[in-house]
Structure formats: structure tokens, C-alpha cells
Number of protein chains: 2
Amino acid sequence: MAKQKKSPRPKAEAPKGFRDYFGAEVTERAEMLQKIAGVYHRYGFDALESSAVETVEALGKYLPDVDRPNAGIFAWQEADDEKWLALRYDLTAPLARVYAEHRNDLPTPYRRYAMGPVWRNEKPGPGRYRQFYQCDADTVGAASVAADAEICSMLSDTLEEVGIPRGDYIIRVNNRKVLNGVLEEMGVTDEVQAADVLRTIDKFDKVGEEGVRQLLGKGRLDASGAYIDGVGLDEAQAEPVIAFLTAKGATNADTLPKLMAAVGESAIGAEGVGELQEIASLLEAQGYGEDRIVIDPSVVRGLGYYTGPVFEAELTFEILDEKGRKRQFGSVAGGGRYDDLVKRFTGQAVPATGVSIGVDRLLAALREKGRIQSHATGPVVVTVMDRDRMADYQAMVAELRNAGIRAEVYLGNPKNFGNQLKYADKRQSPVAVIEGGDEKANGVVQIKDLVLGAQIAENATLEEWKERPSQFEVPRADLVAKVREILEGQKDG
Amino acid sequence: MAKQKKSPRPKAEAPKGFRDYFGAEVTERAEMLQKIAGVYHRYGFDALESSAVETVEALGKYLPDVDRPNAGIFAWQEADDEKWLALRYDLTAPLARVYAEHRNDLPTPYRRYAMGPVWRNEKPGPGRYRQFYQCDADTVGAASVAADAEICSMLSDTLEEVGIPRGDYIIRVNNRKVLNGVLEEMGVTDEVQAADVLRTIDKFDKVGEEGVRQLLGKGRLDASGAYIDGVGLDEAQAEPVIAFLTAKGATNADTLPKLMAAVGESAIGAEGVGELQEIASLLEAQGYGEDRIVIDPSVVRGLGYYTGPVFEAELTFEILDEKGRKRQFGSVAGGGRYDDLVKRFTGQAVPATGVSIGVDRLLAALREKGRIQSHATGPVVVTVMDRDRMADYQAMVAELRNAGIRAEVYLGNPKNFGNQLKYADKRQSPVAVIEGGDEKANGVVQIKDLVLGAQIAENATLEEWKERPSQFEVPRADLVAKVREILEGQKDG
């Protein structure tokens, strides 16, 4: 018989665009999500965890992000009935399916929150992964803009709850209906032309007022020297768009009349401005001032996707970008009203509004602000001086754990004591415990303050070193008390 | 132009074998996992969240569950490099990949826990889904059985922490090496025959001692009347297996010598018994008695997969099965030592041991024992009597929430007040708040105790009803205080 060829070893690597999260990366995210869930719960929202897998048919095409028109999904075909299944690419499409499927059992309105990974089959880039977390809250079945106002106030409470101080964020509110009114006022009725105008508006952030004027008209030479064709409107036609985009005044009371002017005679436009007015007064009645939530027609992200009010939460403190320039941290959450969510399943229009928090960006912001105290302290390490006395060492960690102290025995090969201390270092252990034969005979243990030890090793003078010893010999019975004392000292220090 | 045919509406349903989890189903699981993570953390284990997607090459074939030899995975091919990717089917195969990939950055030993969904592409059945949660803890790089003992004590602490009282569970420990010694003693050296013996042992639970004897010999007529061929050993050869399976005595001190006898002259067998002895004394030294963790050679699940000690946690209280018969709740966690986890990636054998908790089964057990107080209280519902005063109602819920009380305004169409109360009922609201025009004028609100109201409606006499009103009129300023008082009364009641 021919000798069987051995298959080569598999490569130990995560698939391209996927990554693993270790220790504090996992627990810090979990803690943040738990705080968010607490706020959502207080607002009456219920948890929903839908399956990660959906039929491709049910997913449809709902991706709100116009920047990624080619965004794909991970899909495969079932062996038996040849149905195509796929990983969810957001939490909104599954909500539509769940609501349509269970609508007879769910309350109306249905307030739900969901948090979990979603998957996008697209080209990965730096900091851009094909699996990432989303955290959404939506109200399905409520036509009233009170539902939109509620989403805004909840978002404000959420940001403060996780640790973004008031003044460091602003939630901006716009309305797609106002834009529809502007389009009506401009006389743009053709859908293709309307879409062109929307695409242009989407560039307002980058090209500013003059750039938008050019792009609505004949066109514009962009920074790279390429000529971008314009939409071809005449100058007068462009005016309402500019009026809309620049309507933001010092206060909502300034902004709203300007918006009313921009929509002219349009009924849908007036309705949109009225909604913004109502949202503003509902929020004011609850004490959410314009320092937290403000009407701002220059918010254009999502206007192409949503059908009514649109929200965006921005963090306003400055950070340094990769080139060392100051810039605002920027957007961490967005949402709006989308009234045709469930219609493709049932034929019935069901009003819905909601928000999605960019989990990774918000976490990054909290780290930036020092709001996450990485209390990622390692465990107390009980070293093994005598491998036959493992039971003694295990008894020590059991005592420490029963006192609520994170602790472990060194479980590697104990022969080389240096390796044990290196291990403690790698684990960022605050304290090491040592009990050799002499200590055992004398009924004592050695307790090493590793944090203080490291500080002393770095910069203490001999006097300080003598004054503040980092290793203590205590009676075995005092093990837990002494370790706790050292841990508390480290917390204060 | 021909009229375009409309595509039919998509079906609103989760894919076959997948399901959605609502409200308390989600939060109760999250709370249980959080408690488990707390224990793991205290034992020095670090969180790991690996990507849900792996290369098929990295996943390999590690499925421990011999009941499902055809278990499949959900896989698809990348468009560009044609690599096959798949959803993870457990948390152990990804651990092997992660450890092999990051071993230079990870401490040795590496203690990690992981919790999250896994996916199996298999035929769904009642209560058997294609996506479910696992919760694992493993120590990689520790050859010492102290690591196995630690897993057992941690499992014991975990069960008690989530709410399984001592006495209601038992953790049984066996060792594959002892079985290897038995096989040696029997003179079974052929791998195929060894596998046959293992398969037979696996039926010990069902067919008992006599059944195993028959199956090791000529064969056996099973309950359905079919004849099952035996392994073909002679009677004397079968003796060590029977001695092994029935070696359990009243205490570990009784069991261990019987095991030693069963392995006869086998060196590997003696090593296995020695390991069990060491585990038993380590646990005893830490105070984990045989009422919690016990040596039990009749535990055969996993013996085919693991290479050393094997553990299984069983809940010993009785429940009624679907036919109304009493039976023990059974297994909720299992694990063991598998020393070749990383070898297929690196060529180096790395010792590892760990445990996996069946999240759904443990949750079911806690519900069975009434250990999960579904404090799934709905929100206080502020009803809308006058839609123009939405701001007033929003202000009320803001006050309630600021006092930490879950509360919401009714956001559906407020026209029909009956619908609002039906909604409150569906939400399991404890309290409804009503402020009509008269109340507003008088500076009061009506507060309805819905729990008491339901009780009274069900079974109170007229006298009781008069004595214990379920609706209160209080000054608007006392809203929060009165609602809190009612909620606290409901908790005590």
C-alpha cells in the first residue's frame, strides 16, 4: 500500500478581516452594553435577540449606508431545499422580519433593543472589520413624533450613562420631509433628479455651500483635479436647497422659521417643519435643552434612507488624528424614522423609528476620555515552591477567592522560579504569594507587592526602598487580610 | 413597455432550525452568564471573544459529540481567494486556532473563558436548534492535574453561584487513561477493536452491566427486537471493563483501589488512577467534599474524545418528563483534558483541559427550581387622555425614570382608551397613570395598581374591594412617591 500523504498543517489565523478580542476588550464592551441596556430598559424597551442567520429573501436590501453601495453579505445555500441563508448585516432588517412574523403576539407599539455582532462581506481595511457590534433601539407601530423625541432623549441619557459628560456631545435632528418640501419647492419631481440632489446634499460636509451650489448647477472641479458633472439645475432652483442646508440659527426658535421659508408653499415641507417643532417642544418640556438636542438641517447623513425625522449624535471634544491635527471626535450614533419597514412582508405600512449606536466608536471615545478605568487587574499569583505541596497552595487561592479576591496558583512547570515571576508580570498580577519550606515550617508566608515593587525598581532611592518595603512576611493566618490591605493600598496609590 | 412583474412578498420567518429570543429570555441568560463570568474571573480566567467565522481549514474536525457523527457546519467560499469559511461549531476549535496564532503574546498557562453562540448545520428537532449558546473555560499549557482539579472546583462554585444549591448537583470525575489501562489489561491493542469497546461502554447508561457484557461478547437483542452484533471478546476479556465501569464505591477511598485492581499491571492505567487520586486529594484540601465532586468511573461520556481526566456535572433533583414520570434532571456541563489541541497547527503537543456549560439546559434547570424570579416587570404606563398634552405625559415618565422607575408613555393611537389599558396588560405593567382634563385642572393624577386590580377582579369580595382600592388620586407632585409605594407593595405582596 502506498504511504498516505500527510495533509499540510492548517494555518493558525483568523479569516481576513476578522479579529479576536482579549480580556478587557471583551469585558469593557460588555460593561458598556450593559449600561446602555439599563437605560433602554428604563425607557420600556424590551430585549430581542434574533437569530444571526436569516433567509436572504427576508433580509432584502435595507443597507442604509450610501457610502457602501456594494456592501455584500455572507451567504450560502441550504443542502435540502436550496434556500439561500445569510448572516445578518444589521439589526434593522431582522427586526422587520421578527415584527412581521410575531406581530400578533407583540404589543403595539413594540419597543425593542438589540445588541450583537453583524457581518459585512466587504473589503476589510485598517480598523474596518467584517464582523462588528451594533446596538439598536427601535419603536415599531408608533406614528407619533413623540416616539422620535423619546429616542432622542434616550440617546442623550445613554451617552451620559456610559460616561460622556453633558457638553461633550450634541444630538442633531433633521427631517426628510423638510427636504421633500424643498424638492417640491424647487420643482424637482423626477425621481432620478431627486436622487441626484440627495447625493449632492450628502457632500455638503465635504464641499460646503459653494461646492453644493456648483454641483447642483453645471459641475465642479474637485480637489484631485477631476471635473464632476453637476445636476444641471438653474441657479434659482438651487436656492431652496441652500436655504435648507444653512437654516441653522442660534436657537431652534431661529432655525424653524428659516426652514418654513425654505419649503415655501409645500404641504409636506410644512408638515416636516411642524414635526421638528413638536419634537423640540416635547424635549424642552422634559428638560432636554438645546445644549443636548438641537434642530440642525445641516445633518444630511441618512436623509436618503429615512422617511421622517433623522438623528445623529456627535461627540464634540477634540482628539488628535493620525497626522497630529486636532479634530472633533465625530458621530457615534444615528437613526431616524422609516415608515415602510414591515411593508415588504405584509403589504401594510407600519411606522417605525429608531437609533443605532456605533459600539466600537463609542468605546474608543470612552477610552480617549479616560472614562474606562481599565481595572483589568490580573490575579494574585500563588507561586509553587514545592510541587508536592500543591494542595497547600490551592487552599490559599480558595481562601482568597472566597474573600472575593481574584487569585490563582501557578500551573506551569514550577521548576524555574524566575518563570513564575515572569508569568505574574505578564498577567499584570498585583501580588505574589510565596511559601517555601522555611516559611511553611515557621507558619508564615511571603507576600510581594508587585505594583510597588515595579515602582521602586524604576525610580526609588535607596532610602525610599528601605522605608517602603515591597515584600512582607506575615503569619499564614493573616494571608487574606494582608493581601487585601495591599490591594487597597494600590487602589488608593 | 410590458408591465413589470412584481416579485412576491418575502416570507417573514426565521430560517428552519433558528429562533428568536424575547425579553426575559434574553436578559435572564445574560444575567446567568454574567454570574458565571464573575466566578471564572475570580479564578484568574480571562475573557476571549474570537470571531464567529473561521477558515474551514482551521476548524478541522474536533466535534466531541459522538452522538452526532454527521454534524455539519455552515460554510461558504470567499469570492476572491476561494478559501472556504464557516461559522464556528463550538468554542474549543477556535481556542486552538487563537492559541496557536497568538501563543507568543499569551501567558503560559493561558486560562481563558468564552461565551457566545455556535452554529451546527444539522437537522433541527424539537428543542434542538442550529444556533445555541456555549460557555467554556479552559486552561492551555498546564500539564499538571492541579489544572483539572481547579476546573472541577470552579464548576462547583459556578453552579452554586448561579443558584443550584449544594446537594442538588454532583460533579463526577473519570479518566481516559484508566480506560486505556483496562484495554491494555484486556489485551485489546487493535485500534478498531478499541473503538468498538468504547462504543459499547458508551451504552452502559442505557443497557447496564449485563447489556455491556453481552455487547462485548456475542451480541444482544435490543428493546426493538433487533439483534446487535457484539465486539466478539471472550468472557474473561470483558471482566476488566466491567470492573472499571462498576468500580464506584461508597467513597473515593473505596473506589480508587478497585480501579487499581481493574487496570492490573498496566502502567498507563496506574498513572490514570494516580491522577484521580491526586485530583481527589487536591479537592479535599480545599474543602470540596465528595458530596460535590466525586470519582466515578461510570461516567463514560467524552471518554472517546478526551485524553486524560473527564468531568461531568449532573443535577440530581427530580423533574417530571413529558410523560409525567420522575427522572433526574441530568447533565448540564462536561469537559476534560485534551492534550493534542494545538498540535495540528504547530506540531507541538500542548496540554489543555477545560469545561463547557450547556447554557440552555442550565437556564432550564434554574427556571425549574424557581431560581429565576422573572422580575420581568413591565413598565409603568402613562396613558394619553389628551393628545395635545403629550409634553405633560413625557414629563411624567422623565420624572419616573430619573427616580429609577421603568416607565413609558403610551405611543399608539390614544383615541380608544380601552386599547391603552389592553396595551398595559400585554406589557404586564404594574401601574397605569391617568391625567385627564379634570385631573389637570385639579392638580392631581389617578394611579391604578394593575396587579392588585387584577387580583381583585379575580377573587375579591365586595367588602375587600372597598377596603383595598386599586386606584388612587394623588397630587401631581406626589406621582413618583405614590408609584414607588405601590411598586414596593407589589414586591412584598
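Every chain is numbered from 1 and lettered A, B, ... according to where its sequence line falls, protein lines coming before strand lines. Only heavy atoms go into these numbers, but all of them, side chains included; no hydrogens, no water, no symmetry mates.
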Treating B:Q286 as the side-chain partner and A:A391 as the backbone partner, does any N or O pair qualify as donor plus acceptor under 3.5 Å? no
Do B:R130 and A:E78 meet the salt-bridge criterion of a basic N to acidic O distance under 4.0 Å? yes
Take B:L400 and A:R42 through the side chain to side chain contact (heavy atoms under 4.5 Å, CB included) test and state the conclusion after the steps. CA-CA 9 Å; B:L400 288 164; A:R42 210 153 68 230; over 6 Å; no
Do you know which of A:A37, A:G44, A:P351, A:P379 has the most heavy-atom pairs with chain B at a distance under 4.5 angstrom? A:G44
Under a 4.5 Å heavy-atom cutoff, which of A:A142, A:A395, A:A407, A:P94 has the most pairs with chain B? A:A407
Tightest non-hydrogen contact, residues B:W76 and A:A75, listed as CB-O, 3.5 Å
A:Y110 versus chain B, the contacting section by heavy-atom distance below 4.5 Å: side chain
Less than 4.5 Å to any heavy atom of chain A: does that hold for the side chain of B:T346, its backbone, both, or neither? backbone
Distance-only side-chain donor-acceptor flag, B:E49 / A:Y133, under 3.5 Å: yes
What part of A:R29 gets within 4.5 angstrom of chain B, counting heavy atoms only: side chain, backbone, both, or neither? side chain
Non-hydrogen atoms of chain B under 4.5 Å away: do they reach the side chain of A:L411, the backbone, both or neither? both
So which heavy atom on B:H102 is nearest to which on A:D20, and how close? NE2-OD2, 3.4 Å
Heavy atoms, side chains only, cut-off 4.5 Å: are B:D105 and A:F22 in contact? no
Least distance between heavy atoms, B:T27 atom then A:A47 atom: CG2-CB, 4.1 Å
A:Q394 side chain to B:L283 backbone, donor-acceptor under 3.5 Å: no
Among A:Y113, A:Y99, A:F45, A:Y129, which has the most heavy-atom pairs under 4.5 Å with chain B? A:F45
Taking A:E101 for its side chain and B:A14 for its backbone only, find out whether a donor-acceptor pair lies under 3.5 Å. yes
Got a salt bridge between A:D80 and B:K16, using NZ or NE/NH1/NH2 to carboxylate O under 4.0 Å? yes
Smallest heavy-atom separation, B:R344 atom then A:P10 atom, equals O-CD, 3.1 Å
Okay, side chain of B:R97, backbone of A:K11: is any donor-acceptor separation there less than 3.5 Å? no
Taking every non-hydrogen atom, the tightest pair across B:Y423 and A:T108: CD1-O, 3.1 Å
Could you tell me whether the side chain of A:E54 and the main chain of B:P15 form a donor-acceptor pair under 3.5 Å? no
A:Q131 portion near chain B, given a 4.5 angstrom heavy-atom threshold: side chain
Checking side chain to side chain contact (heavy atoms under 4.5 Å, CB included) for the pair A:V53/B:W119: CA distance, chi angles, key distance, verdict? CA-CA 10 Å; A:V53 177; B:W119 294 267; 4.0 Å; yes
Quick check on the interface: out of B:G23, B:G38, B:P109, B:P414, who has the most heavy-atom pairs with chain A under 4.5 Å? B:P109
With the threshold set at 4.0 Å, does a side-chain nitrogen-carboxylate oxygen contact exist between A:R406 and B:D46? yes
Is B:K422 close to chain A through its backbone or its side chain, or both, or neither, when contacts mean heavy atoms under 4.5 Å? neither
If you measure from the Lys or Arg side-chain nitrogens to the Asp or Glu carboxylate oxygens, is any gap between B:R401 and A:E150 under 4.0 Å? yes
Atom of A:M390, atom of B:S144 and distance for their closest heavy-atom approach: CE-OG, 4.3 Å
